[in-house]
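Report on the following structure.
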Number of protein chains: 2
Amino acid sequence: MQSSGKNELTGVKEIARRANVSIGTVDRVLNNRTGVSEKTRNTILKIIEELNYQPNILARTLASKKSLHIAVLIPSVSSETNYWQAPLEGITVAEAEVKPYGMLLEKYFFDQNDKQSFIKQTEIILSKQVDGVLMAPMFMEESSIFADQCKKLMVPYVFINSDIPGHNSLCYVGPDLHHSGSLGAHLMSYLVSGTDQVLIVNISKEIDTLHHLLRKEEGFRAYFDSHNCSNPIVKIDIRDTDYLSVKKELTKVMSKHQIKGIFVTNSRVSSVARFLEESAVKGVKLVGYDFLEDNIEYLKKETIEFLISQKPKEQGYRGIMMLYNFLVHSAVIDQTYYMPIDILTKENYLFYRN
Amino acid sequence: MQSSGKNELTGVKEIARRANVSIGTVDRVLNNRTGVSEKTRNTILKIIEELNYQPNILARTLASKKSLHIAVLIPSVSSETNYWQAPLEGITVAEAEVKPYGMLLEKYFFDQNDKQSFIKQTEIILSKQVDGVLMAPMFMEESSIFADQCKKLMVPYVFINSDIPGHNSLCYVGPDLHHSGSLGAHLMSYLVSGTDQVLIVNISKEIDTLHHLLRKEEGFRAYFDSHNCSNPIVKIDIRDTDYLSVKKELTKVMSKHQIKGIFVTNSRVSSVARFLEESAVKGVKLVGYDFLEDNIEYLKKETIEFLISQKPKEQGYRGIMMLYNFLVHSAVIDQTYYMPIDILTKENYLFYRN
DNA sequence: CTTACTTTCGGGTACGTACACGAAACCATT
DNA sequence: AATGGTTTCGTGTACGTACCCGAAAGTAAG
């Protein structure tokens with residue numbers, strides 16, 4: 001430890017000295033409060049400019065007994081899928097990091113299969129006084145309405161995991177779904193040969209979330225088109241997420257077609273893997289999504305060839321940090337923060353960081 | 001903004017009140033300074049325990065006019081390779097982040113091809129009074145000596161990008177070279193068929209850095225062994241890094257063997273790609289390392305099939321943050337922080353974050 | 001020129017911690 | 001008991017900013 005360079009003439013005190021006023025007046029200018037004549041305000045402003053004054057955040061948040069309240073609105077971790085565990089963890093890490101700097105998080109969870117639960121939570125949030133919102137806009141319509149209400153209250157909000165374009169959120173943190181699907185297709189192209197049939201599987205109960213899956217499907221098809229692969233592509237939507245339903249649908253389609261590769265557009269890929277294993281199907285290559293325990297098991301056993309993951313934990317972390325940097329450091333925020341599209345294999349999954 | 005929950009009875013003042021002493025005494029205990037009787041020290045310690053007291057970092061660094069001085073010792077960004085640009089960027093980002101909290105970085109660069117320049121810089125660092133060191137231990141011997149000197153001075157040091165095991169550094173931040181090589185092999189196995197010959201290329205001038213490349217080669221071979229791939233593996237070391245030398249060596253080996261896949265163990269893969277293109281060789285699949293502009297160009301043109309990258313920028317960022325968390329938050333640091341092993345393709349490189 | 005009222009500003013205290021200085025208490029010698 | 005020395009502790013000030021209160025200056029009306 002060494003003593004720092006000292007005698008750097010900076011801070012409100014120096015500004016006050018130069019402007020020949022008290023620090024109180026400088027303070028009023030800085031926090032643009034009333035009670036300063038236009039003349040002195042200008043001289044002070046000029047001096048601030050000259051000095052390139054940067055307020056000391058430490059002292060600021062120490063002196064200010066205010067806290068920033070952030071509402072977090074994401075799906076609950078259901079027994080059906082624990083995908084949202086990861087973003088929640090990222091949010092919790094961020095929480096610990098920003099807490100000493102005066103940011104408090106309040107978490108609200110909703111049921112992915114129940115729009116009403118979402119609406120109810122938004123009402124609660126609106127009744128409180130919050131300074132920012134981090135949300136997963138799963139339900140298009142309802143999320144739009146809530147976002148608009150936030151905008152009216154001048155409360156910045158960040159979308160996470162999936163986007164609703166056109167609703168100028170402070171930022172979107174999440175995957176580029178189209179390219180994500182294209183990458184799936186690229187990987188698949190290594191696994192099948194020119195004439196093999198390929199199956200796309202969408203497994204989702206809610207129409208709203210299905211919409212996101214369709215963007216991946218588009219990307220997938222786009223790759224095969226632009227690389228003039230002539231593989232026939234079959235596609236099914238499975239609207240019941242339990243294993244038996246999945247099994248039934250897959251059995252049907254697999255008997256009808258000679259499928260050599262399957263692309264599952266979300267984390268439910270483990271159900272498909274289970275099906276392949278149980279029915280002892282050989283030679284079918286599987287590509288799917290997300291670093292979940294179930295999926296990794298099948299990756300290890302090489303039932304799943306590739307998993308694509310988009311750093312769900314970091315999505316949560318970044319989302320909070322965006323709000324933090326905006327509200328505390330008044331930083332300029334990019335409108336979209338696309339997550340990297342990560343490829344997981346048997347060899348590298350051990351080193352993966354969500 | 002809302003006012004926070006207030007009247008939380010915490011802080012030195014509360015401790016002092018409960019222990020019936022002044023805050024000065026509490027302060028002495030907290031910073032374990034001398035001048036406190038064993039008895040009162042124990043009562044204060046107990047109260048601190050009970051309250052689960054966490055010192056306010058803001059107030060602490062505000063009141064303390066000390067700064068932490070960190071020395072950063074990494075290769076300079078040469079014209080030959082700008083790999084170290086990325087870690088430097090990460091370090092710079094971290095610098096901006098920790099500066100308001102009283103941490104100052106001093107950067108020292110050395111020439112990768114000149115051990116003397118490394119030694120000279122370590123001497124300068126030792127002559128200054130620093131509180132921590134982040135270094136790339138490229139030269140085995142010299143790095144060991146420097147690390148030992150740091151240890152003697154009780155200065156924590158973090159290794160970045162490559163490790164020297166057995167030198168209990170505070171932490172190693174970087175890739176697991178063996179697994180990295182295995183992944184290269186896995187990817188290669190998709191690109192060649194059972195009997196094709198595969199070429200491993202090490203391009204490096206310095207023996208010391210060559211050592212790291214050998215760890216990747218081991219991993220590569222290990223994969224082929226454990227998956228009983230019978231592909232014949234050829235290997236060359238190229239000790240001159242300029243293009244003409246690379247071209248000469250490659251021409252020789254390619255004419256002698258029927259090579260179908262090439263694995264380049266570091267970022268020099270673009271030289272090999274250039275060779276393939278200029279000599280109009282077709283049907284040879286190329287896998288190599290690092291998200292560098294030259295490499296990406298060839299990835300786009302599909303001359304390079306896969307690039308493996310290990311977040312060089314984040315390595316720099318994490319390295320600094322390790323020291324920050326250790327020195328400022330006195331956090332417990334894991335001994336190794338392996339970076340994820342990322343796979344880059346034509347489809348996903350756009351979204352890659354170093 | 002008062003009086004009353006508004007605008008503009010300075011001084012003081014507080015946030016939670018670090019650290020220097022000096023006061024009080026303790027102990028051991030004469 | 002008086003002296004000197006050491007250990008133990010309390011008080012005060014500082015870090016850079018926020019915010020309150022009241023003083024000074026300015027303005028308008030009588």
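Numbers restart at 1 for each chain; the letters A, B, ... are given by sequence-line order, proteins then strands. Just so it is clear, the structure is predicted and the values come from calculations on it, not from any experiment.
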Problem - Options D/dC21, D/dG12, D/dC9, nucleotide nearest the side-chain atoms of B/Val36 - result: D/dC9

Handout entry: Between D/dC19 (P) and A/Leu30 (CG): distance, integer Å
Key = 12 Å

Handout entry: Under 3.5 Å side-chain donor-acceptor pair for A/Glu97 and A/Tyr317
Key = yes

Practice task
May I have the distance from A/Asn56 (atom CG) to C/dG16 (atom P), rounded to whole angstrom?
Solution key: 16 Å

Exercise for the section: Give a yes/no on whether any side-chain N or O of A/Thr40 is located under 4.0 angstrom from OP1 or OP2 of C/dC9. Expected result: yes

Problem - Test of ring centre spacing under 6.0 Å for B/Tyr324 and B/Phe326 - result: no

Practice task
Please check the phosphate of C/dG10 (OP1 and OP2 only) for any side-chain N or O of A/Thr25 closer than 4.0 Å.
Solution key: yes

Practice task
Report yes if a side-chain nitrogen or oxygen of B/Arg33 is closer than 4.0 Å to either non-bridging phosphate oxygen (OP1 or OP2) of C/dC19; otherwise report no.
Solution key: yes

Exercise for the section: May I ask you to evaluate whether A/Ser22 reaches the phosphate of C/dG10, defined as a side-chain N or O under 4.0 Å from OP1 or OP2? Expected result: yes

Fill in the blank from the handout: note: A/Arg28, atom CZ; C/dG10, atom C1'; distance rounded to Å ~ 8 Å

Practice task
May I ask you to check whether B/Tyr101 and A/Tyr101 place their ring centres under 6.0 Å from each other?
Solution key: yes

Problem - B/His69-B/Gln129 side chain donor-acceptor pair, cut-off 3.5 Å - result: no

Practice task
Could you check whether A/Thr61 gets within reach of a base, just the sugar-phosphate, or nothing at all, counting any heavy atom under 4.0 Å?
Solution key: nothing

Practice task
Let me know the distance between CG of A/Asp27 and P of D/dC19, rounded to the nearest Å.
Solution key: 7 Å

Practice task
Could you tell me the separation between the CG atom of B/Asn31 and the P atom of C/dT17, rounded to a whole number of Å?
Solution key: 10 Å

Practice task
Quick one: closest heavy-atom pair of B/Lys311 and B/Arg353, and the distance?
Solution key: NZ-O, 3.0 Å

Practice task
Assess the side chains of A/Asn161 and A/Tyr83: does a donor N or O sit below 3.5 Å from an acceptor N or O?
Solution key: yes

Problem - OP1 or OP2 of D/dC15 under 4.0 Å from side-chain N/O of B/Lys66 - result: no

Fill in the blank from the handout: Taking for A/Arg41 and for B/Ile57 the nucleotide of DNA chain C with the nearest heavy atom, the one nearer the 5' end belongs to A/Arg41

Handout entry: Nucleotide nearest B/Ser37 (side chain, heavy atoms from C-beta), chosen from D/dT8, D/dT17, C/dC9
Key = D/dT8

Practice task
Check the distance between D/dT11's P and B/Lys13's NZ and give it to me in whole angstrom.
Solution key: 13 Å

Exercise for the section: Could you tell me whether the phosphate oxygens of D/dG16, OP1 or OP2, come under 4.0 Å of any side-chain nitrogen or oxygen in A/Tyr53? Expected result: no

Problem - Interatomic distance where CD1 belongs to A/Ile23 and P belongs to C/dT8 [whole Å] - result: 20 Å

Exercise for the section: Identify, between B/Leu62 and B/Thr34, the residue whose nearest nucleotide on DNA chain D lies closer to the 5' end. Expected result: B/Thr34

Practice task
Kindly say if A/Arg60 contacts the phosphate of D/dA18, meaning a side-chain N or O under 4.0 Å from OP1 or OP2.
Solution key: yes

Practice task
Please state whether the phosphate of C/dG16, meaning OP1 or OP2, lies under 4.0 angstrom from any side-chain nitrogen or oxygen of A/Lys65.
Solution key: no

Practice task
Provide, to the nearest angstrom, the distance between the CD1 atom belonging to A/Ile48 and the P atom belonging to D/dT17.
Solution key: 11 Å

